[in-house]
Amino acid sequence: MNRVPGTGKSRKKQIKYFDYTLLFIIIFLVGFGLVMLYSTSSYNARLNFNGDSAYYLKRQLTASLLGFAAMLVVSRIDYHIWLRLSVLLYAGAFGLCFLVIFIGANINGSTRWLRLGPLSFQPSELAKMAVIVFLSAVISQAPKKIGDFKILCKLVGFTVGPMFLVVGFSNLSTAIIIAGVGACVVFVASPKYLQFILLGLGTAAGGAVLLFTAAYRAERIQVWLHPEEHEKGYQTLQGLYAIGSGGLFGKGLGESMQKLGFVPEAQNDMIFSIICEELGLFGAVCVILLFLLMIWRFLVIANNAPDLFGALMVVGIMGHIAIQVILNIAVVTNSIPNTGVTLPFISYGGTSVAILLTEMGLALSVSRSIKLEMI
């Protein structure tokens, strides 16, 4: 045992920490996602891309590798640098989302992307990370002031509000996630629950206004309530057929029938239904447990973070993953109206997986700053 000379007291040794459990979960989810993506999309890709059954897989793999590279770089950078870059990150994301309104590319009936030659980029995915970093930075600069309700309203209004409105103009589902992430961060930082509830009710009212200002959003409510009576309910019904036919252990990997053109764009928002069909209830529960394990690791990192900024960033990332998983599974099971939310790390989407992995780099960077003391 090491002792401090002349005192007789034991010397505490500090050991640097790194959350390898979280890293392994990330790697497994991305690997599992690539396998399921190929299984789900190969038929569609072969029909639509000159017989190239691996078209979606190759694009997702490229984005995943870029994301892993970004995750590695970000995880090795002191996360405090984002305190200085938070305004720049937020302004950049806001500007790109604003551009989408005027020059956004329309893909599958939605205008959510910016095109750069053959590449397309979805700025709203960057907006999620920007809000997490910016809101965490603002609160950590003056944590005691958040107890004042007026200041809290101004804080949310000037941080989450503008991004919520500009993203919600063309992508309400992502705007809801941004509002939810902001709520998670503010809830953890706020010492008074009553004012948080009041602010939440106000945000919900704003979301309801956005929901009914566009006819197609109101129509989604009707499709959700009676999918069998609407043409647009076809995808929902086919997804439910896939879930029901999977049974306890599924039909086997690659054996889905619903992915053969019955579930439109199954590789995107509806991939969980194919997981249920091929791997059954057992596979679906395993996927949900993996996400719960990931959320637990975020809680461990946030509880042991050396400062408020690091803790709030990890809480925001945890909220992002949790909200998106809940919304996606709720949509697939027709528990809520169709919102077009992807399943993290598994659904097809290059921008989504790359930004998510970058966020994981932020969480790992905070975990790297944790120091354990051993006697």
Side-chain angles (χ1 to χ4, degrees), residues 17-30 33 64 67-68 70-83 85-86 89-90 93 124-140 159-160 163 167 174 176-189 290-328 341-347 349 351-370:
Y17 176 78
F18 185 81
D19 202 318
Y20 286 103
T21 304
L22 176 60
L23 179 61
F24 292 147
I25 294 170
I26 294 166
I27 293 171
F28 184 85
L29 276 173
V30 173
S64 298
F68 272 119
M71 182 181 76
L72 179 63
V73 171
V74 171
S75 69
R76 299 188 69 84
I77 296 174
D78 184 352
Y79 67 89
H80 293 98
I81 193 174
W82 298 103
L83 270 170
L85 297 177
S86 59
L89 178 63
Y90 185 91
S124 59
E125 295 295 335
L126 180 62
K128 299 172 190 174
M129 187 174 80
V131 166
I132 291 170
V133 174
F134 185 57
L135 186 58
S136 301
V138 172
I139 293 175
S140 65
T159 54
V160 180
M163 195 71 81
V167 172
T174 301
I176 291 171
I177 293 172
I178 289 172
V181 167
C184 289
V185 175
V186 171
F187 177 76
V188 169
L290 268 176
F291 281 115
L292 287 175
L293 184 59
M294 173 178 276
I295 289 168
W296 171 61
R297 295 316 303 171
F298 288 140
L299 283 173
V300 171
I301 296 171
N303 283 331
N304 293 281
D307 57 24
L308 182 62
F309 175 59
L312 291 180
M313 272 207 311
V314 176
V315 166
I317 294 167
M318 179 188 71
H320 176 195
I321 297 296
I323 292 169
Q324 201 155 319
V325 169
I326 291 169
L327 287 179
N328 177 268
V341 175
T342 58
L343 188 62
F345 305 108
I346 298 175
S347 293
T351 307
S352 175
V353 72
I355 297 297
L356 278 170
L357 286 171
T358 305
E359 283 186 22
M360 296 304 106
L362 288 175
L364 290 171
S365 176
V366 176
S367 83
R368 190 184 291 275
S369 68
I370 297 171

Residue list, side chain to side chain donor-acceptor pair (under 3.5 Å) with [X], at least two apart or on another chain:
X    : answer
R368 : none
T159 : none
Y79  : D307

*asked:* Suppose we screen for ring-ring contact (aromatic ring centres under 6.0 Å, His included). Which residues come up paired with F24, at least two apart in sequence or across chains?
replied: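 None.
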*Donor-acceptor pair, S136 side chain versus I132 backbone, under 3.5 Å?*
yes
*When you measure from the side chain of S365 to the backbone N and O of I77, does any donor-acceptor pair fall under 3.5 Å?*
yes
[atom2] on [Y] to [atom1] on [X], rounded to 0.5 Å:
X    : Y    : atom1 : atom2 : answer
F345 : I27  : CZ    : CD1   : 11.5 Å
T342 : L327 : OG1   : CG    : 10.5 Å
M71  : I26  : CE    : CD1   : 5.0 Å
F291 : L29  : CZ    : CG    : 5.0 Å
F68  : T358 : CZ    : OG1   : 11.0 Å
L312 : I139 : CG    : CD1   : 5.5 Å

For [X] versus [Y], what's the shortest heavy-atom pair and its separation?
X    : Y    : answer
F309 : H80  : CE2-CA, 4.4 Å
I355 : E125 : CG2-O, 3.5 Å
Y90  : M163 : OH-N, 3.5 Å
L83  : S140 : CD2-OG, 3.8 Å
I25  : L290 : CG2-O, 4.0 Å
D19  : L364 : O-CD2, 3.7 Å

Quick one: are [X] and [Y] in side-chain contact, heavy atoms under 4.5 Å?
X    : Y    : answer
V341 : I176 : no
V325 : P344 : yes
Y17  : N304 : no
R297 : Y20  : no

Do any side-chain atoms of residues 313-322 form donor-acceptor pairs under 3.5 angstrom with protein atoms, and if so which ones, sequence neighbours left out?
residue, atom, partner, partner atom, Å
H320, ND1, E359, OE1, 2.9
H320, ND1, E359, OE2, 3.1
H320, NE2, Q324, OE1, 2.9

Just distance, no hydrogens or angles: give the donor-acceptor pairs under 3.5 Å from side chains in residues 177-188, sequence neighbours left out.
none

_side chain to side chain contact (heavy atoms under 4.5 Å, CB included), paired with K128, selected from L356, I323, T174_ = T174
